[in-house]
Amino acid sequence: PILTGKPFEDGGVKQDVERVCFSDWLLSMPVVGKSLSTVGEMCLVMAWVIIYRGVIAKRGRVLLYAMVPLAAVAQVFGWTALSNRSYFYTIFEKSILLLTIAFFIVACGVSYSSIRTNWLPLVRRAIVATLLFSLYLVAYDLPMYYFRWRDHRVTHEFSCETISMAWQEWATDIIWMTVYFTLASW
């Protein structure tokens with residue numbers, strides 16, 4: 001689902017809370033995109049747990065297994081943001097996602113000395129990738145949603161208030177959408 005949900009959601013590029021859509025079709029509906037996103041993100045976290053549970057030492061598995069309920073709580077905040085049209089909840093969603101990533105990094109760290117050498121390159125890449133994504137969340141994503149929450153405008157939940165391909169509507173979203181819908185999806 002992460003390989004199908006996220007790229008298809010990309011076809012419906014939108015800013016959920018503000019209801020600004022790149023096009024006017026089914027996948028642009030915020031509720032459809034959020035549904036695809038939820039399934040894709042939960043599948044991604046569950047795949048991490050399945051892949052890494054055999055690699056991570058017992059003392060790190062508790063953190064690894066905690067990632068799934070944390071991701072589920074993050075999704076609840078994401079849906080709350082959508083239904084209440086408030087980026088305030090998106091800030092919590094992204095913060096919990098950051099905590100989920102931290103759990104993964106710590107689980108790898110406490111298990112590092114016991115990881116079999118054939119798994120080390122994969123674990124190293126995963127740690128670097130998650131650290132980079134964490135940096136992105138802290139430096140770009142969370143501040144963007146904070147400022148949007150502060151300057152929020154209310155629109156309707158099940159339709160796109162604005163259909164626009166104008167650069168000024170998308171300029172702040174280009175970076176995260178490019179990373180999220182390309183690199184993170186694959």
Side-chain angles (χ1 to χ4, degrees), residues 1-2 5-6 9-10 12-21 28-49 52 60 62-109 126-127 129-162 169-181 183-185:
I2 189 71
K6 298 309 295 177
E9 184 190 13
D10 188 25
V13 176
K14 69 214 155 302
Q15 297 169 12
D16 286 340
V17 172
E18 295 177 349
R19 310 300 186 264
V20 176
C21 303
S28 289
M29 287 178 55
V31 71
V32 173
K34 188 65 181 166
S35 297
L36 292 170
S37 175
T38 298
V39 170
E41 290 171 13
M42 289 304 300
C43 287
L44 177 63
V45 171
M46 287 186 272
W48 280 7
V49 172
Y52 286 95
V62 172
L63 293 172
L64 192 67
Y65 293 140
M67 290 170 52
V68 174
L70 273 175
V73 170
Q75 293 305 315
V76 169
F77 277 105
W79 278 97
T80 305
L82 177 68
S83 63
N84 289 305
R85 293 168 259 161
S86 175
Y87 283 115
F88 178 75
Y89 300 102
T90 305
I91 295 166
F92 283 101
E93 175 191 17
K94 300 300 181 174
S95 297
I96 294 168
L97 175 60
L98 189 60
L99 181 62
T100 305
I101 292 167
F103 275 29
F104 176 75
I105 293 168
V106 172
C108 289
I127 290 171
T130 52
L131 283 171
L132 289 172
F133 188 63
S134 298
L135 178 63
Y136 155 77
L137 283 172
V138 170
Y140 185 80
D141 214 35
L142 282 167
M144 176 184 71
Y145 286 115
Y146 168 76
F147 290 116
R148 283 187 180 179
W149 166 66
R150 191 184 67 188
D151 303 331
H152 175 68
R153 64 180 192 243
V154 176
T155 56
H156 190 267
E157 183 173 316
F158 288 98
S159 66
C160 298
E161 189 71 23
T162 305
E169 289 286 350
W170 298 101
T172 59
D173 291 283
I174 293 298
I175 293 173
W176 82 262
M177 286 186 175
T178 302
V179 171
Y180 193 68
F181 293 123
L183 301 176
S185 296

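Index from 1, following the sequence.
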- Task: Report the distance from atom CG of Leu142 to atom CZ of Phe147, rounding to the nearest 0.5 Å.
- Result: 11.5 Å

- In terms of ring plane angle, is the pair Trp149 and Tyr146 parallel, tilted or perpendicular, where the classes change at 30° and 60°? tilted

- Note on the structure: Taken to the nearest 0.5 Å, the spacing of Phe92 CZ from Ser86 OG works out to 10.0 Å

- Note on the structure: residues 134-147 vs salt bridge (Lys or Arg N to Asp or Glu O under 4.0 Å), sequence neighbours excluded, gives Lys94-Asp141

- Note on the structure: In this structure, CG of Leu70 is separated from CG of Leu98 (nearest 0.5 Å) by 11.0 Å

- Between atom CG of Leu63 and atom CZ of Phe104, what is the distance when rounded to the nearest 0.5 Å? 11.5 Å

- For Ala107 and Gly60 the tightest heavy-atom approach is CB-O, 3.3 Å

- Message: I'd like to know if the side chain of Arg148 pairs up with that of Thr172 as donor and acceptor (distance under 3.5 Å, no hydrogens or angles considered).
- Response: yes

- Message: Angle between ring planes, Phe77 versus Tyr89, binned at 30° and 60°: parallel, tilted or perpendicular?
- Response: parallel

- Message: Tell me every residue that passes side-chain hydrogen bond (donor to acceptor under 3.5 Å, both in side chains) with Glu93, counting only those two or more places apart in sequence or in another chain.
- Response: Lys34

- Message: Please find the pair of heavy atoms, one from Leu97 and one from Ala74, that lie closest to each other, and give the distance.
- Response: N-CB, 4.4 Å

- Task: Find the distance between CE (Met144) and CD1 (Ile91) and round it off to the nearest 0.5 Å.
- Result: 10.5 Å

- Message: Could you go through Leu135 and Leu131, starting from their C-alpha distance and side-chain angles, then the distance that decides it, and tell me whether this counts as side chain to side chain contact (heavy atoms under 4.5 Å, CB included)?
- Response: CA-CA 6 Å; Leu135 178 63; Leu131 283 171; over 6 Å; no

- Message: Looking at every non-hydrogen atom in both residues, tell me the closest pair between Pro143 and Ala139 and how far apart they are.
- Response: CG-O, 3.6 Å

- Item | Distance in Å, Ile105 CD1 paired with Thr100 OG1, rounded so as to fall on 0.5 Å steps | 11.0 Å

- Heavy-atom pair of closest approach, residues Tyr52 and Ala126: OH-CB, 3.2 Å

- Taking every heavy atom of Ile101 against every heavy atom of Ser134, the minimum-distance pair comes out as CG2-OG, 3.1 Å

- Do Phe103 and Leu99 come close enough that some side-chain heavy atom pair is under 4.5 Å? yes

- Task: Say whether, by atom type as modelled, one donor and one acceptor occur between the side chain of Ser83 and the main chain of Trp79 under 3.5 angstrom.
- Result: yes

